[in-house]
Amino acid sequence: MSTNLRFGPELRRLRLEAGLSLTEFSVALTYDKGHLSKVERGERSTSPDLARRCDAFLGANG
């Protein structure tokens, strides 16, 4: 399984575990909601910047 296909579902799991809607998460990260939705579904690659922001915001420790 590619990194993008693993990253998206894990991102969604962590976001939901944090009790955040996709809208709340997108506002907190200042990223487009549609873009984040596609990343979570594995339809779009994540950038290193987005990965770092998600990691820092969710406290995922890498």
Trainee: Given H35, which partner from the list E40, R44, E43 fulfils the side chain to side chain contact (heavy atoms under 4.5 Å, CB included) test?
Mentor: R44
Trainee: Kindly compute the distance separating CZ (R15) from CG (L58), expressed to the nearest 0.5 Å.
Mentor: 9.5 Å
Trainee: Answer whether the closest heavy-atom distance between the side chains of T30 and R53 falls below 4.5 Å.
Mentor: yes
Trainee: Look up atom OH in Y31 and atom SG in C54, then write down how far apart they are to the nearest 0.5 Å.
Mentor: 8.0 Å
Trainee: Could you tell me whether the side chain of E17 reaches within less than 4.5 Å of the side chain of L14, counting heavy atoms only?
Mentor: yes
Trainee: In Å and rounded to the nearest 0.5 Å, what is the CG to CG distance from L50 to L11?
Mentor: 7.0 Å
Trainee: CZ of R52 to OG1 of T46: how many Å apart, nearest 0.5 Å?
Mentor: 10.0 Å
Trainee: Hey, could you give me the CD/NZ distance between E24 and K33, rounded to the nearest 0.5 Å?
Mentor: 10.5 Å
